[in-house]
Protein chains: 2
Amino acid sequence: MSDGGKARRDTLFVGALAKGLRVLRAFDESKSEMSLGELSQRTGMDKSAIQRLVNTLHHEGFLDKDPVTRRLRPSHAWLELAYCYYWSDPLVGAALPKLIDLSRQLGETINLAEISGDHIIYVSRLPCKRTYFAASIIGRRLPALSTSAGRAILSTWSQAEREAAIETWPLKAFTPRTTLDRDQIRRHIDETVANGFAMSRDQMLLNEVAIAAPIIGPDGRAFAGVQCSVSAYTWDDARVREEILPSLLDTANSISPSLRG
Amino acid sequence: MSDGGKARRDTLFVGALAKGLRVLRAFDESKSEMSLGELSQRTGMDKSAIQRLVNTLHHEGFLDKDPVTRRLRPSHAWLELAYCYYWSDPLVGAALPKLIDLSRQLGETINLAEISGDHIIYVSRLPCKRTYFAASIIGRRLPALSTSAGRAILSTWSQAEREAAIETWPLKAFTPRTTLDRDQIRRHIDETVANGFAMSRDQMLLNEVAIAAPIIGPDGRAFAGVQCSVSAYTWDDARVREEILPSLLDTANSISPSLRG
DNA sequence: GTTTCATGTATCGCAATGCAATACGATAAA
DNA sequence: TTTATCGTATTGCATTGCGATACATGAAAC
């Protein structure tokens, strides 16, 4: 139970490092500041281990320690890592300028999402309107099947891959109207295949309309998508199709050629 | 030499973890994808060590491995960490909505910078115009003395602290016109103290005008600032002062009260 | 004010774990 | 084919990280 994930007795596996990383992973949106005890509880590791790991992480600048409460928080190093990530991902460099233009042109929130296993992750976000916090910061992972970007990406994959995803990938209710019926999702993805874009409502947030287009690679498959979020209060289907869709597709298509074959 | 940083023989120090973290740190903007050999070279650790550490990092999802070239790259986990950071930093939650409004109102790039030792780090960026890549992604660290945000923050500190910073903090030439003369920087910070905002030109990029206001905490000291970057081609001093400065100051001041005392 | 609890910090002997040298295997260049 | 380069795998040794335990500090309970 406690160290259930220790896994491989492999000689190429450095357990101490893995444990340290697991301490980093213990932080999340609901728990972003912890005491030693809380960390110990969350990770299932004993107090001594946490003490040593935390000490090391702190010493190396990966955890900040509140001088009075002694509680631990993510440090600026966590942002520096994101900075490095951006330089390593060729898609970001190719897409960002175009996304900025699009965001400016539409005046609405534009996101760049990449597939990450069975989730999508928001790699770049350009918020234009106030929205809830989680929707304006990068690095958020969401079940791919529930997002317009995920469905747009999937729509470019083979029938078999799509089907496997639809059957097995995780779903979670974020709103009372999040689609949990896989048949319904299948139908929507089929439409997406035909249309070349995905549009969804109320999936992550009520009264949110999301529309996404895949960024298609040289092999015809997408692993990323451009997505736009708008409010259902001010946008109806027809207007989204007319005023957002064309530019969104243009942008996504204009990024495709920059992907190396 | 090789493992010069091994440092403390402390019993609370987990060397294997520290080494692993140093592998993560080996990546930067100029080297964002490496082979085992390159990593070994960069970190000064031997091949075996790198092999084990990389294996572990890969297994734990902190490094992606190109299936054909076997080269290693930052993974999406690096963005997830940034996501966590945002939840842990109360300033971001308080500031972001207001920054979005400001960005929309001005139609120019707005940044949130925090002090991080003797550098500032861009925590949030809202690009509105195309600019060079590094200026549009979060997590970038720059010498505080060379940035308008850094100077704005410093201007709220005590005379003694300011002086110490001006004398000892690092400087680096990013453009031919980056100010390297500490007396000149001192004069500029003195002006900033008097004015309540900082304005600089050509420091990080030629023909870039940056203007920043400190976000003042309950104790009168700032550790963060709101900054706006515009092009010198289209903005002269007078127009910046007239059209940008008031809203920028308003925004910075409106964030201050949300900082807990 | 003393007791009690909770939490952070420090110490220490043991052996499990990570170490570095080395050998193997593939792929690419010469 | 040869040679070089780079990723992968193995192994014996002792360094290093382990976890129980004891100490310190501060807050809450009574």
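Each chain gets a letter, A, B and so on, in the order the sequences are listed, and its residues count up from 1. As the structure is a prediction and not an experimental result, all values here were calculated from the model. Values below: every heavy atom of this structure, side chains too, minus hydrogens, waters and symmetry copies.
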For B/Y86, give me all partners under side-chain hydrogen bond (donor to acceptor under 3.5 Å, both in side chains), at least two apart in sequence or on another chain. none
What does nucleotides 6-11 of chain D look like as a protein-contact string, B for base, S for sugar-phosphate only, - for none, at under 4.0 angstrom between heavy atoms? -BBBBB
Rounded off to whole Å, could you give me the CG-to-P distance for the B/L53 and C/dT17 pair? 17 Å
What is the distance, rounded to the nearest whole Å, between atom CG of B/D46 and atom P of C/dG18? 16 Å
Contacts of type side-chain hydrogen bond (donor to acceptor under 3.5 Å, both in side chains), residue A/R73, not counting sequence neighbours: none
So A/W78 and A/F27, would you call those rings parallel, tilted or perpendicular, with 30° and 60° as cut-offs? perpendicular
Between C/dT17 (P) and A/R52 (CZ): distance, integer Å: 12 Å
Atom-to-atom span, CD of A/Q41 to C1' of C/dT7 - whole angstrom: 13 Å
When rounded to whole Å, the NE2 to P distance for the pair B/H59 and C/dG18 reads 13 Å
If you look only at pairs with a residue in residues 137-157 of chain A, which of them pass as a salt bridge (charged side-chain N to carboxylate O under 4.0 Å, His left out), with sequence neighbours excluded? none
Sorted by chain and residue number, the side-chain hydrogen bond (donor to acceptor under 3.5 Å, both in side chains) partners of B/R221 (sequence neighbours excluded) come out as B/E161
How close or far is atom P of C/dT27 from atom CG of B/D66, stated in whole angstroms? 14 Å
Could you state the atom-to-atom distance from CD1 of B/I50 to P of C/dA21 in whole Å? 14 Å
Can you tell me how the ring of B/F13 sits relative to the ring of A/H59, calling it parallel under 30°, perpendicular over 60° and tilted otherwise? perpendicular
All ring pair (Phe, Tyr, Trp, His ring centres under 6.0 Å) counterparts of A/H119, not counting sequence neighbours: none
List the residues meeting side-chain hydrogen bond (donor to acceptor under 3.5 Å, both in side chains) with A/W87, not counting sequence neighbours, and say none if there are none. A/Y83
Once you round it to whole Å, what is the distance between P of C/dG8 and NE2 of A/H58? 14 Å
Tell me which pairs pass salt bridge (charged side-chain N to carboxylate O under 4.0 Å, His left out) where either residue lies in residues 42-55 of chain A, with sequence neighbours left out. A/D28-A/R42
Under 3.5 Å, N/O pairs linking protein and nucleotides 4-6 of chain C:
none

